[in-house]
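Comments concern the structure below.
Sequence lines set the chain letters: A, B, ... in the order given, protein chains first and strands last, and positions in each chain run from 1. Reckoned from all heavy atoms, side chains included, excluding hydrogens, waters and symmetry mates. Predicted, not measured: the structure shown is a model, and the values here were computed from it.
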Number of protein chains: 2
Amino acid sequence: MDKKQENKKVFLEIVNQLRELIKHEGIQPGEKLPSERVLSERLNVGRSSVREALRSLELLGLIETRHGGGTFLSAVHSNQLVELLASFILQENKAVEDVHIVRRMHEKEAIRVICSEQSLRSLPVWESLFMKLELENEIVRDLLLRELMIASGNRLALKIWIQLAAYSATPLKKLSTEEEKPMLQMLIKSLQLGYEREALSAYENWIHYLRNSSS
Amino acid sequence: MDKKQENKKVFLEIVNQLRELIKHEGIQPGEKLPSERVLSERLNVGRSSVREALRSLELLGLIETRHGGGTFLSAVHSNQLVELLASFILQENKAVEDVHIVRRMHEKEAIRVICSEQSLRSLPVWESLFMKLELENEIVRDLLLRELMIASGNRLALKIWIQLAAYSATPLKKLSTEEEKPMLQMLIKSLQLGYEREALSAYENWIHYLRNSSS
DNA sequence: GTTCAAAAGTGGTCTGACCACTTTTTATTA
DNA sequence: TAATAAAAAGTGGTCAGACCACTTTTGAAC
């Protein structure tokens with residue numbers, strides 16, 4: 001029982017080891033990482049596992065791979081923003097609150113955008129989400145937020161949000177019927193009607209409830 | 001030249017094939033995907049390549065994997081998500097406009113934060129900026145925006161903004177005395193008084209003016 | 001010093017194997 | 001018959017080795 005049931009994916013553990021290695025070796029952006037075979041040997045894992053970890057980093061824009069050339073820490077020019085975000089998010093976890101604030105800011109802005117666009121308000125996804133509330137499944141939390149970000153139509157904001165969301169996950173506890181559901185219902189309905197103030201109010205109440213109930 | 005030489009990332013191609021397969025098979029959110037071995041056979045690729053593609057989808061939250069159980073399509077409602085994310089990840093197009101929008105969003109949020117905090121409103125920097133307007137120097141534009149971001153106190157937001165600002169620089173043309181200065185005066189004064197609506201209104205008028213006059 | 005072909009290094013992919021875990025099936029028992 | 005337990009099948013997780021395609025380095029010939 002003392003053993004923490006860390007359901008963490010092993011390849012994510014390798015990602016962390018890679019981070020420490022990069023930090024320890026002092027590898028700078030644009031410089032080359034050890035080859036997959038060397039990493040495999042030094043981290044005592046199979047090469048395929050190393051590759052899966054590298055895939056994750058590549059998808060985040062942290063590294064670039066060149067066939068036959070090697071793997072490189074992303075240069076500042078290509079994806080400085082992502083590099084910045086990742087270094088901020090992955091390294092020191094003192095600014096958790098900042099991440100939360102920026103994430104909520106993006107979500108609120110998405111609500112504003114959607115409320116101001118009739119075509120976005122009338123998307124069928126809102127009605128679908130409204131009905132999914134009856135399932136009382138906690139997944140609707142992420143679902144709703146993700147759809148908000150997607151519908152707002154800003155890909156950069158979506159990209160930023162995805163990384164922020166990965167860092168500050170929503171609670172996994174069961175959806176509260178008597179407390180949480182009404183807030184979400186109001187949020188969605190206000191959204192569909194274009195009532196920006198009411199939608200934002202419902203959103204903030206919801207976030208406030210989530211923070212208080214999870215602590 | 002007929003060769004599709006642009007398709008660099010093969011595992012992203014597999015991601016596309018997986019999307020088509022899901023669509024063709026009519027696999028609904030929450031339902032199970034074919035096993036890795038079956039996918040490997042049907043897509044005519046190695047199982048390791050399938051796994052790398054699945055890793056990408058998993059990192060995006062599109063699928064969930066359960067050890068010994070299988071791979072499941074996330075309870076994400078629409079193809080909207082898959083399509084958008086896929087096209088986004090594949091970087092089919094880059095939107096300069098998005099950078100501008102996100103940058104302005106951060107600036108507006110900074111204004112809101114400052115207006116809501118008496119200690120921030122009373123910072124001497126605003127009065128200093130107000131006086132600098134008389135110099136009619138175009139530098140005050142960047143100066144003002146930067147101070148806004150710094151004063152709002154969110155380090156992550158500041159770092160993001162710095163990167164965004166590097167992509168979409170403010171105009172270099174001379175400060176307009178009869179048009180631009182009044183807007184900035186109103187912005188600063190509203191900020192100091194905590195008039196959020198007026199401050200945001202002045203800000204948006206200003207941005208609108210900058211965009212139209214520079215084109 | 002230049003040029004260029006061979007060698008070494010590296011990522012990309014496939015195959016097969018084994019393990020850990022889950023689900024299904026089958027056999028046993030009350 | 002129904003419940004329970006054991007066995008089997010299915011599936012993801014990981015590793016090792018091999019080969020290919022491409023890039024970089026090396027070194028010999030000029």
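As a whole-Å value, the separation of Glu64(B) CD from dG12(D) C1' is 14 Å. Rounded to whole Å, atom P of dA17(C) lies 21 Å from atom CZ of Arg47(A).
Using a 4.0 Å cut-off, no side-chain N or O of Ser48(B) falls inside it from OP1 or OP2 of dG12(C). Remark: Ser49(B) is not in phosphate contact with dG12(C), judged by side-chain N or O atoms under 4.0 Å from OP1 or OP2.
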Could you go through the salt bridge (charged side-chain N to carboxylate O under 4.0 Å, His left out) check for Glu41(B) and Arg37(B) one step at a time? CA-CA 6 Å; Glu41(B) 184 177 335; Arg37(B) 292 170 177 82; over 6 Å; no
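Across Glu107(A) and Met149(A), no two heavy atoms sit closer than the pair CA-SD, 3.9 Å.
Remark: side-chain polar atoms of Ser122(A) are paired, donor with acceptor, to backbone N or O of Gln118(A) under 3.5 angstrom. Using modelled atom types, one side-chain atom of Trp126(A) and one backbone atom of Leu120(A) make a donor-acceptor pair closer than 3.5 Å.
Taking a 4.0 Å limit (strictly below) on heavy-atom distances, residues 33-46 of chain B reaches DNA chain C at Arg37(B), Asn44(B), Val45(B), Gly46(B).
A donor N or O paired with an acceptor N or O is not found under 3.5 Å between the base of dG13(D) and the side-chain atoms of Arg66(B).
The Arg51(A) side chain lies nearest to dG11(C) when the options are dG12(D), dG11(C), dC15(D). The side chain of His67(B) lies closest to dA20(C) when the candidates are dA20(C), dT13(C), dT14(D).
With a 6.0 Å cutoff to the six-membered ring centre and a 45° limit on the axis angle, Lys108(B) does not count as a cation-pi contact of Tyr203(B).
Taking CD of Gln28(B) as the reference point, atom CZ of Phe72(B) lies at 15.0 Å (rounded to 0.5 Å).
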